[in-house]
Protein chains: 2
Amino acid sequence: MNMTDDHPLGLLVRKLESMGPVTGDERRAILDLPASVRVFPPRYDIFHEGDRLSQCCVVLNGWLWCHRSLSSGKRQIISLHMAGDLPDLQGLELPAIDYSLGTITESTVSFTPCERLLETAATHPRIAKALWQFLVGDAVVIREWMLSLGRRSALEHLAHLLCEICVRQHSLKMVHDCRCELPFSQQDTADILGLTNVHVNRMARILKQRGLITLDDKMLFIHNWQNLVRLCEFDASYLEPKLKFASMLRCTQENGPLHLDRQVQSC
Amino acid sequence: MNMTDDHPLGLLVRKLESMGPVTGDERRAILDLPASVRVFPPRYDIFHEGDRLSQCCVVLNGWLWCHRSLSSGKRQIISLHMAGDLPDLQGLELPAIDYSLGTITESTVSFTPCERLLETAATHPRIAKALWQFLVGDAVVIREWMLSLGRRSALEHLAHLLCEICVRQHSLKMVHDCRCELPFSQQDTADILGLTNVHVNRMARILKQRGLITLDDKMLFIHNWQNLVRLCEFDASYLEPKLKFASMLRCTQENGPLHLDRQVQSC
DNA sequence: CGCCATTTTGAGTAAACTCAATTTATGTGG
DNA sequence: CCACATAAATTGAGTTTACTCAAAATGGCG
C-alpha cells in the first residue's frame, strides 16, 4: 500500500489519475500539502455564513451539508456532502462565505490551508483543473436541486432526493441490499426540499403506501427502484461528473459508468 | 484608448487588474485569444442542454438566461446574465452541459474556443484565478436563488428578484431615475420564481398597490427602494463578488462598493 | 420508568394553482 | 392610419397543494 492510500489528499491524486497520467511532481505536490484530520460530532457547524475561509476541507467520512437561513429562522439546505467531497471549494476566493457547513453525522474531515492549496493549484495546472472539475460537478447537482425546488411537486421532489442519495451512496459502496443510510430527520428533509416536516411525513407515507420504500432506524430501503425512478423521472447522468472518481475511491477494480441497470435488477 | 477597451476579452484584463498589477505577458495572453463576436436575436438558444461546450462566451451586451426543463414542459430559469458575465464557465470541463443558454433580448456575445481559454488558464495562474472567481461569484447568486425558491414567500421572492436585477443593472450604469429594463414577460418571471404567470401577476399587483413599483413597457420603476428592500430583507452583499469588477466595466472612475445608500436616497 | 426528540395524525387555513374569460398591448399588412 | 391577428396581462371562480397548530403516538436512551 503506497502513500496515496493513506494520505487524506490521496483522493485528489486519484482524481488526477482519472484524468490521465500523473507526473511524480504532481503527486508529490499534493502529498506534500499539510492535511490535518479532525473528527467532528454530529450536528456541528464547522464554519458559519459570513466567515472568511482559511482552511479547505475534504470529507473523509460521514455526512455534511451546506445551509443558509433567513432571519425568520427558516433554513434551506443547499447541498449534501459525503466522502470524497470538497464542500468548501465553493467558498474559496470569496471575501466571505455565504453559507454554513455543518456535520450531519459524526464526520472525519481533512483540512488544508487555502493558500497552500491555491499555491499548488497555481503551479500545477492539472491540479487546478481537477479542482475546477470538482467545483462544476457540484454546481450541476445544485442546478438539479433548483429545478426540483421550482418545478417538481413535493412527492416528485422527495422521490428525486432519495434517488440521488441512493446513487451517491452506491458509488461509495454504501448501499447493500437496496438499503442505505439516511441520517437525518423529516424536519431536515423538509429543509432540503423547501417544505414543512408535516408535509414531508405525508409524502413519505405515500411512497411507503405505494410499496416503493420503507424508512426505519435512519435507513432507507428502496423496494422498487424502477417505479421510484419513474415517479420523479430521475436520470442519474447529472451525477456523473461528480461521481466520476467516487467510484474509484473505495475500490481498485473499475466499475465503469453508473450501472443503474444492475441496481434496478437488484431491487 | 488602448486595445483593452476594444477587445471583447478586455473585461478579463480588467478583472485581473482589479486583483493586482498585471504583467504584459498576462495581458498579451488574453488579448491574443481569438474572440469572434456575434449578435443573436431575442429568444434564441445559443446552446442546448446536452450539448458539448466548444466555445466559451462573454456577454458584451443584452440579457441572457440559463434554463432547464422537465419533460412535462415545465421550465426553470437557473440564472440571469448581463454584460460582463461568462455564463458558460459553468459548463467548461463538463462532458455535457446540463442547461441551455438563451438570449432574452437581442444580445452581443463574444466566443472563444474552450481549449484556447483553458490553455491560457493553464499557463497563467492568475488568469485561472480570475475565471475561478467568476465561477464562484455566479454560484453565490445561485445559492441565494435556492434560498428564495425554498424558503421565501412568492411576494418576497418577487421583490428579491427585482432588487437583485436593479442592483446588477445599477452596477452596469443601466439604472436611471430608479428605472431599469425588465425585458421579459410575467410567464418568464414565473419560470424564474417557480410560480405560475397568474400568481406572478397578483404578486406584482400587490407591489404596485403598496406603491413600491410600477411596471410598464418592459421597464421597472422602483418608487420606494427602502420598503422594497425591507419587504424581502434584501442584502446586496451576496452580489459583491459578482459585481466587483462590473463597476469598472463601463466607467473609469472608481465608485467603490455598492452605494446602496445613494440609491435609497434617490428613490 | 420517564424524558426528549421525532413521527404521525387530524382539522382547519392559507397559499398557490387551474381553467377560462376579458382586457390590454404589440405588431402586421393593406 | 386602421383592421386584424397575436401575445401578454388581468381578473374571477373554484380547486388543489401545502401550511399551521395542536395533540397523540412512537422510539431511543439514561
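Order of the sequence lines fixes the chain letters, A, B, ..., with proteins taken first and strands second; residue numbering starts at 1 for each chain. Just the heavy atoms: all of them, side chains too, but no hydrogens, waters or symmetry mates, feed the values below. Everything numeric here is computed off the predicted structure, so don't read it as measured data.
Here dA25(C) presents its P atom at 13 Å from NZ of Lys218(B), a figure rounded to the nearest Å. Atom-to-atom, CZ of Arg152(B) to P of dA15(C) comes out at 18 Å; the value is rounded to the nearest Å. With rounding to whole Å, Leu195(A) atom CG is found 16 Å from dA15(C) atom P. dT6(C) atom C1' lies 9 Å from atom CG of Asn197(A), rounded to whole Å. For the pair Leu215(B) CG and dA8(D) P, the interatomic distance rounds to 16 Å; values are reported in whole Å. At whole-Å resolution of the value, CZ in Arg43(B) and C1' in dT26(C) are 14 Å apart. In this entry the distance linking CG of Asp191(A) with P of dC19(D) reads 11 Å, nearest Å. Rounded to an integer number of Å, the gap from CG of Leu158(B) to P of dA15(C) is 16 Å.
The pair Arg43(B)-Asp188(B) counts as a salt bridge, with a side-chain nitrogen and a carboxylate oxygen less than 4.0 angstrom apart.
Considering every non-hydrogen atom in both Arg68(A) and Glu144(B), the closest pair reads NH1-OE1, 2.7 Å.
Here Asp217(B) lies in heavy-atom contact (under 4.0 Å) with sugar-phosphate atoms only.
At the phosphate of dA16(C), neither OP1 nor OP2 sits under 4.0 Å from any side-chain N or O atom of Thr196(B). When the side-chain nitrogen and oxygen atoms of Gln186(B) are compared with OP1 and OP2 of dT10(D), one or more of them lie within a distance under 4.0 Å.
Relative orientation of the Trp65(A) and His67(A) rings is perpendicular, given thresholds of 30° and 60° on the angle between their planes. Aromatic ring orientation, Phe234(B) versus Tyr238(B): perpendicular (interplanar angle above 60°, classes split at 30° and 60°). Classified by interplanar angle (parallel below 30°, tilted 30° to 60°, perpendicular above 60°), the ring pair Phe40(B)/Tyr44(B) is parallel.
Nearer to the 5' terminus of DNA chain C, by closest-nucleotide assignment, is the contact made by Ser185(A) (compared with the other of Arg151(A) and Ser185(A)). Position along DNA chain D of the nearest nucleotide to Leu155(A) versus Val198(A) favours Leu155(A) as the more 5'-ward residue.
Contacts between residues 199-208 of chain A and DNA chain C, defined by a heavy-atom separation under 4.0 Å, are made by Asn201(A), Arg202(A), Arg205(A), Lys208(A).
If you look at His81(B) and Tyr99(B), their ring centroids are not closer than 6.0 Å.
In terms of modelled atom types and a separation under 3.5 Å, the side chain of Arg168(B) and the main chain of Leu80(B) share a donor-acceptor contact.
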